[in-house]
Amino acid sequence: MSSKDLILGRIRAALGDTAAPDVPRTYRRAGTQCADVERLVDRLVDYKAVVHRGSDVAGIVASLEPGRLVVPPGLDPAWLPPGMATVEDEHDADAVLTAATVAIAETGTIVLDGSPDQGRRVISLLPDLHICVVRPDQVVAAVPDAIARLDPRRPLTWISGPSATSDIELNRVEGVHGPRRLHVILTER
Amino acid sequence: MSTFLGMPTTAPRGVGHLRGDESFPDAARKALGNEQLRRNLAHATTTIRGKSGAVIAELPDWQELRSAGSALKAATMARLPELLERLEENVTAAGGVVHWAADATEANRIVTGLVEATGHRRVIKVKSMATQEIGLNEALEAAGIAPVETDLAELIVQLGHDKPSHILVPAIHRNRTEIRDIFLREMPGVDPALTDDPATLAAAARRYLRETFLSTKVAVSGANFAVAETGTLAVLESEGNGRMCLTLPDTLITVMGIEKVVPTWRDLEVFLQLLPRASTGERMNPYTSMWTGVTPGDGPQEFHLVLLDNGRTAVLADEVGRQALHCIRCSACLNVCPVYERTGGHAYGSVYPGPIGAVLSPQLTGVADNASLPYASSLCGACFDACPVKIDIPSILVHLRNEAPHPRTERIAMAAAAYTMDHPALYARAQHAAKLSRHARRLPRPLNGWTASRDLPQPPPETFRDWWAGR
Ligand code: SF4
């Protein structure tokens, strides 16, 4: 008998004829609230992300003096400051510039899904500075709205502020293994 | 195996960390004398209760989310065989390999075998209760494989040759100065001028682990959730060590209790709201990684999922106790528990301390092996109120007490002791009396039954009452 059959047999014996209860979904479901960009900004800032607003992405990126920059293959080329060279290998990069898939206002969360303008997961992990561009139509109100938009078959990374830990006396301290600086550029369209 | 086919079975002895070396009252007596421990715990749990309360108050539908979470877990348990098979199908279809482990010994054998097959001798680990429960690190070390814990608190525990004392923050019993001292003593290449500033300590861990992340080819993780409908796994974390482990290596091995499955992708919308707010008191934890099997060209190209029973089916067989399997390991019940706050996590013996440990450990091992744990509570009900999936811990405790083979007098005394810890006036009186009667070696009622046959712990200079007043 395989361990699978053994475990499934044990579960069936344990359950007997237990019935599954109905699940009350009376919480705020997807589509029941408006996305509030101001709230997103407030929540991002509260968790120590830096927010920039405006559509001159390249200008904002240049002003951040990102150093050696790595970008995903499908990034909008207009976002790169003119003449700024990029590096191929994320191991050598000081900063990464990506797009996003969804941003959640209520929690101050940005989700990347590995699309060509966001790249492989590792490129947004190793550099110390992550610059992430979010369009207004990508902002949703709350977690259920994000779940409704996301494709679980893609590798997803949910990011809420820079890397942090609560492991020392349960206080949040920013800056452990992931990027220590998170800058979010909210464009106007 | 000494059981016949298909009977729910408790976790085997001699492997893993579900049983302590001494009973709860014995261990608790020692812990109660450790003032530093109580101060560290009081500080940390007060902080987290404040943060958690504030972000929970932001959600107008918190109670509705709790109800949905509770029902979702109950519905999942009722359909567990079907959901696990579905999960296996979907993980396999996405390029992963699913293994089934009836107990800790089998899980350790599977993981060790998988690591050996890669030819590598070191694995990076992201904090996982399941792998602590089964004693995976010891099994790997016995096979000549070095496990490196990458979670900051786990690293503090590993470097300090210590034991975890909290399910979320295993080094909660250490304050910043103690952590600095451990780093100075044990961390190769650490700056000798290291201060106890938390940001500086975090930076030291970052430097220390960076090269290990980049050069290790195999990772072992746990999982917070696994979606049957899609085969998607989710790990919630803070530091980015989880992302490193889940992204950089060639091979990823995830060990997960069978109760962690959720039916549908949409169900995560409930748990992703409940867990961070109840756990670290954040609107959302800094990082959550989700992956489905293998993604060509991105992340580990070999993925193994080990589904672990190790006593869970025995828990499931108890109609009252089975709700303990609904636990999403947020640790809120620890943070509000007056008994946990006085005794700390080590007193519970098992890797699962606090109120959830008091109901989960005895059920996983069989009550006989953790007979005093159901008494490690005052039944004050704070854990039930705090639990984001509404597990009725007090009712399970009472239920298990009826099964615990303890002499009646001791049972009453232990329950009274726990009750007293939760009642400042009583505790003050008891401690005061104990101080006055240091040589009498006996506590006043209702604690006298407990100490009748034991040595009285040395009362700490700062009494509970002083602590309570100065909080
Ligand atoms: S029992 Fe409830 S409160 Fe305690 S850790 Fe589990 S989910 Fe959290």
Side-chain angles (χ1 to χ4, degrees), chain A residues 1-4 6-15 18-28 30 43 47 91 104 106-109 114 120-122 125 143-144 147 152-179, chain B residues 5-8 43-44 47-48 61 64-65 67-68 71-72 74-75 78-81 100-102 106 152-153 169 171 175-176 179 198-199 201-202 206 230 232 238-241 243-244 247-248 265-266 268-269 272-273 280 283-284 286-292 295 298-299 309 313 316-317:
Chain A
M1 178 182 226
S2 71
S3 291
K4 174 180 174 180
L6 178 68
I7 294 171
L8 291 176
R10 288 175 178 177
I11 298 173
R12 290 194 181 99
L15 283 173
T18 306
D22 288 334
V23 176
R25 295 195 190 255
T26 49
Y27 55 85
R28 295 168 303 158
R43 300 285 151 95
Y47 281 168
H91 293 82
I104 308 169
E106 188 164 73
T107 58
T109 304
R120 292 172 301 127
R121 284 170 285 174
V122 66
L125 175 59
V143 172
I147 289 288
R153 287 169 186 84
R154 307 192 66 90
L156 301 176
T157 305
W158 298 49
I159 298 170
S160 308
S163 151
T165 180
S166 300
D167 281 356
I168 303 170
E169 300 177 7
L170 279 174
N171 274 309
R172 181 163 167 141
V173 180
E174 276 73 23
V176 200
H177 303 295
Chain B
L5 294 187
M7 279 310 286
H43 174 68
T47 305
I48 194 73
D61 54 351
E64 287 79 4
L65 286 165
S67 299
L72 266 169
R79 295 170 49 206
L80 201 52
W100 301 70
E106 186 174 18
L152 179 54
V169 191
N175 66 25
R176 61 185 74 185
I179 295 168
L201 294 172
R206 177 185 171 100
T230 59
T232 306
S238 295
E239 298 163 17
N241 61 313
R243 292 177 69 188
M244 295 276 179
T247 310
L248 291 172
W265 169 244
R266 192 181 63 165
L268 288 185
E269 73 190 20
L272 289 178
Q273 296 193 75
T280 46
R283 296 185 189 100
M284 192 63 88
Y287 299 130
T288 296
S289 296
M290 298 178 183
W291 72 99
T292 304
T295 307
D298 183 353
D309 178 354
T313 48
L316 195 62

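Naming convention: chains lettered A, B, ... in sequence-line order (proteins, then strands); numbering from 1 in each chain. Keep in mind that what you see is a predicted model, and the values were worked out from it rather than measured.
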Output the distance between atom [atom1] ([X]) and atom [atom2] ([Y]), rounded to the nearest 0.5 Å.
X	Y	atom1	atom2	result
A/Leu8	B/Trp100	CG	CH2	4.5 Å
B/Ile48	B/His43	CD1	NE2	11.0 Å
A/Leu6	A/Met1	CG	CE	5.5 Å

Name the option with the most non-hydrogen atom pairs under 4.5 Å to chain B; the candidates are [options].
options	value
A/Ser166, A/Ser3, A/Ala13, A/Gly9	A/Ser3
A/Lys4, A/Arg43, A/His91, A/Arg120	A/Lys4
A/Ala30, A/Gly161, A/Pro144, A/Gly114	A/Pro144
A/Ile159, A/Thr26, A/Val122, A/Asp22	A/Ile159
A/Val143, A/Leu125, A/Thr165, A/Ile104	A/Leu125
A/Glu174, A/Arg154, A/Arg153	A/Arg153

At a 4.5 Å cut-off on heavy atoms, which part of [X] comes close to chain B: side chain, backbone, both, or neither?
X	value
A/Ala19	backbone
A/Val173	side chain
A/Pro179	both

Within-4.5 Å side-chain heavy-atom neighbours: B/Trp265 and B/Met290: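 Side chain of B/Trp265 against side chain of B/Met290, heavy atoms only: contact under 4.5 Å found.
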For each of [options], tally heavy-atom pairs with chain A at distances under 4.5 Å, and name the one with the top tally.
options	value
B/Ala171, B/Pro81, B/Pro286, B/Ala153	B/Pro286
B/Thr288, B/Thr313, B/Thr292	B/Thr288
B/Met244, B/Glu64, B/Glu239	B/Glu239
B/Ala74, B/Ala101, B/Ala199, B/Ala75	B/Ala75
B/Val169, B/Asn175, B/Leu272	B/Val169

Short side-chain to backbone donor-acceptor contact, A/Ser163 and A/His177, under 3.5 Å: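 Pair found, side chain donor or acceptor close to backbone of A/His177.
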Backbone N/O of B/Asp298 and side chain of A/Arg121: donor-acceptor pair under 3.5 Å: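 Confirmed, A/Arg121 side chain pairs with B/Asp298 backbone.
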What part of [X] gets within 4.5 angstrom of chain A, counting heavy atoms only: side chain, backbone, both, or neither?
X	answer
B/Leu248	side chain
B/Ser67	both
B/Leu152	both

Residues B/Met284, A/Tyr47; criterion side-chain contact (heavy atoms from CB on, under 4.5 Å); working and verdict: CA-CA 10 Å; B/Met284 192 63 88; A/Tyr47 281 168; 5.6 Å; no
Steps toward side-chain contact (heavy atoms from CB on, under 4.5 Å) verdict (A/Glu169, B/Arg176): CA-CA 7 Å; A/Glu169 300 177 7; B/Arg176 61 185 74 185; 3.0 Å; yes
Side-chain H-bond candidate by donor/acceptor type, B/Gln273 with A/Tyr27, under 3.5 Å: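 No - no donor-acceptor pair under 3.5 Å links their side chains.
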Donor-acceptor side-chain pairing of A/Thr109 and A/Ser160 below 3.5 angstrom: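 Yes - a donor-acceptor pair under 3.5 Å links their side chains.
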Nearest non-hydrogen partners of B/Ala102 and B/Asp309, listed with the distance: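 The answer is O-CB, 3.4 Å.
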